[in-house]
2 protein chains.
Amino acid sequence: MSVTIYDVAKKANVSMATVSRVINGNTNVKPTTRKKVLAAIEELGFRPNAVARGLASRKTTSVGVIIPDISNMFFAELARGIEDIASMYKYHIILSSSDQNLNKELDLFDNMLEKQVDGVIFMGGSISENHVKAFESSNIPVVLAATVDDSQKIPSVNIDYYTAVYDAVSQLIEQNHQTIGYVPNNSGSSIEASKVQGYQDALKENNLEINESFIFEGDDTYQSGINAANYFLGLEQKPTVIMAASDEMALGVIHGAQDQGFNIPEDLSVVGFDNTRLAVMVRPELTTVVQPMYDIGAVSMRLLTKLLKNEAVDEHQVILPHRIIKRSSTKE
Amino acid sequence: MSVTIYDVAKKANVSMATVSRVINGNTNVKPTTRKKVLAAIEELGFRPNAVARGLASRKTTSVGVIIPDISNMFFAELARGIEDIASMYKYHIILSSSDQNLNKELDLFDNMLEKQVDGVIFMGGSISENHVKAFESSNIPVVLAATVDDSQKIPSVNIDYYTAVYDAVSQLIEQNHQTIGYVPNNSGSSIEASKVQGYQDALKENNLEINESFIFEGDDTYQSGINAANYFLGLEQKPTVIMAASDEMALGVIHGAQDQGFNIPEDLSVVGFDNTRLAVMVRPELTTVVQPMYDIGAVSMRLLTKLLKNEAVDEHQVILPHRIIKRSSTKE
DNA sequence: ATGAAAGCGCTAACAT
DNA sequence: ATGTTAGCGCTTTCAT
């Protein structure tokens with residue numbers, strides 16, 4: 001059997017309460033008795049039982065993280081940001097992948113409630129009313145990371161996706177591109193909808209025609225980028241630049257085009273989105289929209305800690321800055 | 001306050017024990033009373049408190065996962081394998097990144113013990129005696145994933161790293177390569193030592209000279225691959241092929257060489273290790289040694305579940321098969 | 001098949 | 001500054 005707070009109390013000749021006080025850093029303990037207790041703890045090799053503590057205090061110092069797919073670079077970097085801040089604030093992370101499946105997401109959330117997590121960080125494609133209902137009725141804080149809830153009811157951390165794409169496309173137009181292909185992902189998320197809107201509005205405001213054939217939907221994989229390249233390059237009127245909704249798809253576009261003998265950026269420019277590490281692991285290096293994944297994760301977790309401690313937070317819907325980084329996959 | 005097993009018992013006119021039995025699937029319950037209890041649970045929206053259960057039963061159905069860096073593709077895929085099997089067996093995962101730091105690894109392990117995890121999966125560079133001591137004295141099963149313990153005391157799942165490199169290099173030699181550069185990582189792990197040994201033994205047994213200048217250490221990053229290319233290509237006598245200890249470094253080698261105007265594989269062949277998704281996201285596509293990361297994670301977790309349930313396991317040191325996949329970055 | 005009761009290891013009033 | 005005493009919500013003998 002493992003050693004408990006009671007054993008320590010006996011050995012140090014004090015009460016359980018006093019032991020509890022010293023392990024919790026309560027100041028109301030005489031230095032000498034603190035010393036005594038610490039010595040007993042050391043000697044016995046006592047290690048507090050977090051489960052018992054959780055039951056008694058109704059706080060587990062653990063937070064749930066629901067993520068679509070941890071093996072996806074984008075989310076993995078986000079997760080790292082979450083984790084670093086969590087460990088800084090002494091929170092543990094219970095991690096689960098949801099595969100963007102609505103029921104699985106809800107189930108996972110429920111499981112986390114059973115585990116009595118103090119809060120959760122949620123990443124996912126779409127936030128339905130069911131999500132909002134589940135989150136709101138849970139009595140624990142939830143923050144959305146790189147995930148938007150159109151109802152604005154749940155705290156979240158994002159960039160301004162609409163403007164990000166709008167800016168990127170506008171810049172392309174300034175660089176004399178008139179025919180611009182876009183490869184959205186098929187997540188059906190409102191984030192992607194905003195991005196498409198940004199694309200279309202940028203065209204419109206520059207008096208360029210919105211051509212339905214200049215949109216080819218991908219599924220966020222490299223292969224779907226290749227497919228997109230094949231599609232666009234087979235068009236009668238080819239675009240002079242293709243923008244993809246993620247770097248991975250953009251790499252697919254680059255290689256798909258190169259495989260057909262096109263030169264990037266001479267024959268075709270390519271723009272990505274996210275600025276994952278992939279962006280520089282390709283030739284030519286990828287011009288892309290910077291989405292600060294690590295920061296989104298870190299800020300989300302920081303926001304959650306504030307919510308957990310009932311600290312004042314001025315803005316529940318935080319928007320982090322984005323920017324465009326020009327590399328060599330685009331020609332002016 | 002949330003609804004407890006006691007509330008359910010009252011509502012269903014049974015004792016707490018009976019409620020406990022039905023939520024735990026105990027067969028010793030009359031169908032009709034089971035129905036009654038289930039109805040009460042439904043009506044009250046009862047959700048069992050896993051923390052209380054953990055305290056009472058001394059089982060938390062959660063396992064700790066210690067990983068060097070979740071934002072590294074290699075580990076992320078491993079993690080996914082672990083997670084899928086864990087969720088299949090209803091285990092939760094507590095995830096922490098260690099950055100390969102010995103003290104942090106030990107601290108994390110300790111924290112997980114405090115959390116009363118039922119077992120842990122450990123990934124890391126080196127297993128010191130301190131690790132072994134900590135694992136063995138913990139009274140919970142630990143399995144090493146893609147991590148070797150030279151003492152063979154801790155259960156583990158790996159491939160045969162020595163043979164993997166030995167085979168790859170031998171094959172290169174058969175293809176008439178005589179000058180073979182190798183880019184190990186600087187982890188100081190015994191895995192990397194085995195790989196270097198495999199490299200050297202393959203040369204030796206084919207009567208090729210072991211040239212110290214044909215080894216250039218990297219740090220597992222893309223950039224260090226570029227550095228390696230610069231180094232090797234600056235040599236008086238250049239190798240005809242460079243093998244890197246990871247795909248990411250191999251991509252760096254390819255691009256570093258291409259940036260200098262070398263053609264792959266005409267002027268230089270390149271081979272990687274791992275077969276991460278990166279291997280096909282480059283031109284030419286990368287010849288590499290396949291290390292089944294997802295499987296290693298999945299098998300590790302499966303092994304852990306067996307250990308947890310005291311099922312018989314015939315082999316505590318499992319070695320998964322590796323193979324070499326030839327793509328276009330190597331010339332025969 | 002069901003119930004009663006004693007913990008699991010700790011925290012948190014409340015006393016002193 | 002320290003001790004006493006209830007719980008926290010559940011599992012688990014042990015009876016019946």
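Lettering of chains follows the sequences in order, A, B, ..., and the numbering in each one begins at 1.
Summarising the geometry, the separation between CG on Leu55(B) and C1' on dA6(C) is reported as 13 Å, rounded to the nearest angstrom. Following rounding to the nearest Å, Lys115(B) (NZ) and dC10(C) (C1') show an atom-to-atom distance of 14 Å. The separation between Asn26(B) atom CG and dC10(D) atom C1' is 15 Å, rounded to whole Å. In this structure, the CG atom of Asp7(A) is 9 Å from the P atom of dG9(C), given to the nearest Å. dG3(D) atom C1' lies 14 Å from atom CG of Asn28(A), rounded to whole Å. Whole-Å rounding puts the Asn13(B) CG to dG3(C) C1' distance at 13 Å. Computed from coordinates, the Arg47(B) CZ to dC8(D) P distance equals 19 Å when rounded to whole Å. Straight-line distance from the CD atom of Gln116(A) to the C1' atom of dC10(C): 16 Å, rounded to whole Å.
Side chains of Met112(A) and Ser96(A) form a contact here, defined as non-hydrogen atoms less than 4.5 Å apart. Leu38(A) has its side chain out of reach of Glu42(A): every pair of non-hydrogen atoms, C-beta onward, lies at least 4.5 Å apart. Residues Glu83(B) and Val65(B) fail the side-chain proximity criterion, which asks for heavy atoms closer than 4.5 Å. Side-chain atoms of Ile5(A) and Ser20(A), non-hydrogen and from C-beta on, do get closer than 4.5 Å to each other.
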Notebook entry, point to check: Between Arg80(A) and Asp99(B), is a salt bridge (Lys or Arg N to Asp or Glu O under 4.0 Å) present by the stated rule, with each step listed?
Noted result: CA-CA 11 Å; Arg80(A) 192 63 217 266; Asp99(B) 295 314; 3.1 Å; yes
Checklist line | Intermediate values then yes/no, side chain to side chain contact (heavy atoms under 4.5 Å, CB included), Leu304(B) and Met301(B) | finding: CA-CA 5 Å; Leu304(B) 186 60; Met301(B) 187 63 216; 4.3 Å; yes
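A heavy atom closer than 4.0 Å to some atom of DNA chain D occurs in Thr33(A), these being the qualifying members of residues 31-40 of chain A.
Side-chain N/O atoms of Thr4(A) include none lying less than 4.0 angstrom from OP1 or OP2 on dG9(C). Between dG3(D) and Thr18(A), a contact under 4.0 Å exists linking OP1 or OP2 to a side-chain N or O.
No side-chain N or O of Glu192(B) forms a donor-acceptor pair with one of Ser187(B) less than 3.5 Å apart. Side-chain contact of Asn130(B) with Ser128(B): a donor-acceptor pair under 3.5 Å is absent, judged by distance alone.
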Next item on the list: Any chance you could list the contact pattern along nucleotides 11-16 of chain C? Use B for base contacts, S for sugar-phosphate-only contacts and - for none, protein heavy atoms under 4.0 Å, 5' to 3'.
Entry: BBB---
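Two end axes, each from the C1' atoms of five base pairs, can be drawn for the helix from dA1(C)-dT16(D) to dT16(C)-dA1(D); they diverge by 30°, to 10 degrees.
Residue contacts shown for Val51(A) are absent, as no nucleic acid heavy atom lies under 4.0 Å away. Across all strands shown, Asn49(A) has heavy atoms under 4.0 Å from sugar-phosphate atoms exclusively, and none from any base.
A centroid separation of less than 6.0 Å is found between the aromatic rings of Phe135(A) and Phe122(A).
For the side chain to side chain contact (heavy atoms under 4.5 Å, CB included) with Tyr91(B), the qualifying choice from Thr60(B), Leu308(B), Ile85(B) is Leu308(B), the only one to do so.
When distances are taken from the side chain of Arg58(A) to each of dC10(C), dG9(C), dC8(D), the shortest belongs to dC8(D).
Between Asp118(B) and Lys59(B), the shortest heavy-atom contact is OD1-CA, 3.6 Å. Between Asn28(A) and Arg21(A) the shortest heavy-atom distance is O-CD, 4.1 Å.
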